[in-house]
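Both counts, for ligands and for their atoms, begin at 1 and track the order of listing.
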Amino acid sequence: MREQLRRVTQAVSAAEGKQNILEVIVSEVCRALDIEVCSIYLADYRLNQFVLTASRGLDLGHSTLNSLDFNQGLVGLIGQREEPIYLSDVKKSHPYTSFPLVNEDDFNAFLGVPVIHQRKVLGVLVIQAKQPRRFDLDEETFLTTLAAQLSSKLASSEFETSFEQSDSEFVIRTMQGIPVSSGVAVGKARVVFPLEDIHSVPDRKTDDIADELNKLELAVKITRDQLEGMSQRMQGLVSSQELSLFDAYQQILGAEGLASEVEEQIRLGYWAATALRIVTQRHLNAFKSMQDPYLRERANDIEDLANRLLSHLVKANKRVMQFEPDTVIVADKVSAAMLAELPVSDVVGIVSLTGSSTSHAAILAKALGIPAIMGLESFPIKQMENRSLIVDGYNGQVYLSPGQSLINQYQALIKEEVQLANELVQDETLPNTSRDGSQVNLLINSSLATDTVKARGCGADGIGLYRTEIPFMQLDQFPSEDVQSVIYSDLLREFHEFPVTIRTLDIGGDKQLSYFPISEDNPFLGWRGIRVTLDHPEIFLVQLRAIFKASVHNQQLRLAIPMVSTLEELDESLRFIHQAFDEVSQELAESGVSIRLPLIGLILEVPAAVFQLSDFATRVDFISVGTNDLIQYMMAVDRNNLRVKNLYSHFQPAVLKVLTKIVQECEGAGISMQICGEMAADPLAAILLIGMGFSTLSMDVSCIARVKRAISRFDMDEMQKIAKSAANFETEAKVRDYLLKAMEDKGLGGLVRAGN
Ligand code: PEP
Ligand code: MG
């Protein structure tokens with residue numbers, strides 16, 4: 001069965017377009033199980049019906065009944081119960097026989113399984129046989145496994161068809177991702193894809209067929225010349241049999257081959273790269289379904305050749321890459337390098353299928369002030385080119401081909417945002433206080449030069465977290481002490497009159513250095529933060545020395561250690577810190593310069609550390625709570641995993657309880673505390689945190705103004721009461737609703753949009 005399953009999924013993954021995928025599934029299942037009927041009923045939630053969309057064995061055209069209400073028939077029952085049903089003889093007296101089935105008259109044996117994606121029933125997969133028979137366990141598990149594997153493929157193809165079918169004003173198609181940079185945008189999608197991956201080329205049309213044909217001709221010529229060059233270099237080094245591979249490539253490219261088929265597609269109006277993808281896909285499908293392993297392998301040659309051609313085709317385009325105003329970049333993986341390279345001045349939004357809120361690209365998007373959403377698993381990227389999109393960077397929703405009324409609503413929202421931003425600018429010079437004048441400290445989380453430029457003007461009280469790993473990521477080797485010293489000096493000079501907290505290198509998890517890859521099964525539970533630097537004193541000490549050298553520019557430098565989970569780690573870290581400090585202060589003293597040991601703190605983000613806080617507190621000067629990781633470890637949810645996104649919330653009662661404990665421990669030990677995770681950037685949460693006793697919050701520069709406005713509307717004792725009441729709720733939803741109401745009562749509803 002495993003081999004059959006592999007063959008079916010392989011055939012399905014090679015198929016494109018929803019109807020085609022469905023046809024492949026039904027015929028492959030019939031073949032694999034040697035069965036007479038396989039059908040797929042897809043759920044249509046507008047009509048509350050299951051529609052027979054593809055079938056092998058049933059005649060769709062002459063069907064008496066090709067759709068069933070959700071509460072009708074065996075199919076409806078499977079949808080309701082969300083579990084498989086099998087009957088060896090449908091006609092026999094049976095409680096289910098009162099449920100009609102589509103054209104079931106000739107078929108007695110029945111097995112149906114639901115196709116479910118993210119708790120939503122997308123359809124039902126059914127097999128039937130004429131003779132009464134029991135389907136065996138293997139067949140049931142085969143079908144259940146296939147349905148589970150297909151669910152995400154179907155989820156994305158569901159959107160593809162809804163585009164094809166109608167652009168109705170009233171059909172709202174949304175996809176949920178992870179909001180990584182706040183704000184909203186309305187624009188046209190532009191798909192950006194890697195230069196050497198033929199499968200990622202989007203559907204794109206052209207108005208200039210002659211130009212595309214010329215580009216193809218040129219790309220073919222360059223590829224041919226390259227192959228010729230390779231073949232000549234290999235002469236004498238490999239056997240003539242292996243050399244013949246290059247001849248085969250030349251033949252595939254030749255007048256009768258790939259190039260002429262691509263030409264045909266271009267003449268149909270496709271952009272050359274899209275035409276190449278269509279033709280390549282066709283050939284790959286043919287090769288991959290072949291039984292002969294040698295011929296199946298030839299698929300790799302076609303793919304390799306297509307990728308070569310593609311790189312020459314799009315290189316020409318890349319040189320003149322320009323975006324229209326109001327472009328939304330859409331990519332499988334938006335990387336920071338991509339954002340740095342592209343002309344982003346016309347970009348209003350970013351949508352990435354992979355990535356997370358703490359990815360380097362997300363941090364850059366925030367710094368650039370571009371709303372961004374990542375982690376949209378089943379986004380139909382190939383159909384996106386030129387579609388209008390709404391990007392809601394507050395709650396992570398992308399609206400696909402929205403109707404004019406929704407666009408109008410969002411445009412009104414953008415106007416409100418601009419208005420609010422202008423109003424908030426006027427608040428910048430006001431002190432950061434509650435309504436009754438209690439002082440709070442609002443600090444910046446920073447990592448890029450652009451952040452610090454903006455931070456100067458936003459009325460923040462300093463830098464609460466400088467993530468040193470970001471400059472490390474921008475380089476292609478570990479930076480030397482001198483290089484680092486320049487980076488930290490620039491930062492400390494810029495903020496010489498403010499407190500600045502520099503965090504030592506925090507790599508691992510989802511923060512990778514290209515020149516020091518860490519590959520682990522569970523990276524968030526692995527070699528991260530201080531665990532890496534303690535194992536590499538040569539890296540840790542160089543960084544510490546660079547920080548201390550730069551400290552001459554700022555008397556209020558603070559040093560924070562990430563991911564501490566045991567006392568031994570803290571003691572070891574302190575030993576290295578003192579060693580580096582003693583060396584640097586002696587060296588500087590020789591030139592008459594004196595430095596002071598900065599305040600030293602730890603980023604509290606591992607639950608174990610919370611329970612040893614009283615021990616840690618005797619050794620450090622401050623605690624900075626990293627809620628991003630603390631929530632991840634408390635709730636046992638990967639902070640970047642969309643599937644468990646609902647659990648990852650700073651309003652979970654358990655999270656509030658642990659924060660309350662931290663406040664009690666820190667107050668008991670007389671040690672200062674701050675929050676530096678994303679929680680502090682949410683105005684709803686900021687009120688709560690201040691009420692709990694955290695008077696210092698550090699956040700992304702773009703969030704300061706909103707948080708400041710929210711805090712300024714509450715008296716300190718109001719926030720304390722809110723924090724106390726919130727602690728009594730038993731569910732996340734109740735906490736959130738309660739806080740939302742508190743904000744709305746103050747007329748701050750517009751400041752805290754849903755999901756922020
Ligand atoms: C945190 O974990 O809350 C934090 C501030 O660190 P990072 O997001 O860089 O892991
Ligand atoms: Mg962290």
Side-chain angles (χ1 to χ4, degrees), residues 178-181 336 355-367 374-375 442-448 451 462-474 500-513 518 522-533 543 558-565 569 573 601-610 622-641 648-652 655 658-659 662 673-682 685-686 689 694 696-701 703 707:
I178 303 170
V180 302
S181 175
S356 66
S357 58
T358 49
S359 66
H360 196 183
I363 288 167
L364 200 57
K366 277 190 223 172
M374 297 186 169
L442 301 185
L443 309 175
I444 304 290
N445 286 352
S446 163
S447 43
L448 295 165
D451 299 343
I463 304 282
L465 171 65
Y466 181 77
R467 290 180 162 103
T468 53
E469 57 279 5
I470 305 298
F472 274 63
M473 285 177 185
Q474 290 171 315
V500 175
T501 301
I502 295 186
R503 179 174 73 183
T504 63
L505 191 64
D506 185 17
I507 53 171
D510 64 347
K511 288 184 276 191
Q512 292 279 340
L513 301 178
I518 300 171
N522 269 318
F524 278 115
L525 298 181
W527 210 37
R528 289 193 66 188
I530 197 65
R531 301 170 185 182
V532 178
T533 37
Q543 178 175 46
R558 296 149 68 100
L559 194 63
I561 314 164
M563 278 294 291
V564 174
S565 40
E569 282 172 345
S573 309
L602 59 86
I603 309 284
L604 190 60
E605 49 194 342
V606 179
V610 176
F622 68 95
I623 297 293
S624 186
V625 186
T627 50
N628 300 344
D629 279 313
L630 186 60
I631 297 168
Q632 151 165 276
Y633 297 127
M634 284 284 302
M635 299 301 301
V637 280
D638 177 338
R639 65 199 244 186
N640 303 326
N641 187 337
Y648 186 91
S649 162
H650 42 245
F651 295 132
Q652 289 287 355
V655 173
V658 87
L659 289 172
I662 292 169
M673 59 199 170
Q674 66 176 49
I675 299 276
C676 65
E678 294 298 309
M679 181 177 185
D682 174 358
L689 292 168
F694 290 98
T696 302
L697 306 179
S698 190
M699 67 201 75
D700 187 74
V701 64
C703 306
V707 170

Exercise for the section: Report the distance from atom CD1 of Ile470 to atom NZ of Lys511, rounding to the nearest 0.5 Å. Expected result: 6.5 Å
Donor-acceptor pair, distance only, cut-off 3.5 Å: does the side chain of [X] make one with the backbone of [Y]?
X: Arg528; Y: Pro523; result: no
X: Gln512; Y: Ile518; result: yes
X: Gln632; Y: Arg639; result: yes
X: Gln543; Y: Leu505; result: yes
X: Tyr633; Y: Phe524; result: yes
X: Asn628; Y: Glu678; result: yes

Completion exercise
Checking Leu659, Ile623, Leu630 against Val610 for side-chain contact (heavy atoms from CB on, under 4.5 Å), the one that qualifies is Leu630
Practice task
Could you list the atoms of ligand 1 found under 4.0 angstrom from a heavy atom of Gly677?
Solution key: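 In order of numbering, the contacting atoms are 3 (O).
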Fill in the blank from the handout: Counting heavy atoms under 4.0 Å, the part of Met679 that contacts ligand 1 is neither
Exercise for the section: Measure Leu465 to ligand 1 on non-hydrogen atoms and call it side chain, backbone, both or neither using the 4.0 Å cut-off. Expected result: side chain
Taking the minimum heavy-atom distance to [atom], which of [options] ranks first?
atom: atom 2 (O) of ligand 1; options: Thr627, Asp629, Ile675; value: Asp629
atom: atom 8 (O) of ligand 1; options: Arg639, Glu678, Met699, Gln632; value: Arg639
atom: atom 9 (O) of ligand 1; options: Glu605, Lys511, Glu469; value: Lys511

Problem - Salt-bridge criterion met for Arg467 and Asp506 (N-O under 4.0 Å) - result: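 Judged by the 4.0 Å cut-off on N to carboxylate O distance, Arg467 and Asp506 do not form a salt bridge.
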Completion exercise
With a cut-off of 2.8 Å, strictly less than, protein N/O/S atoms near the Mg ion (ligand 2) add up to 2
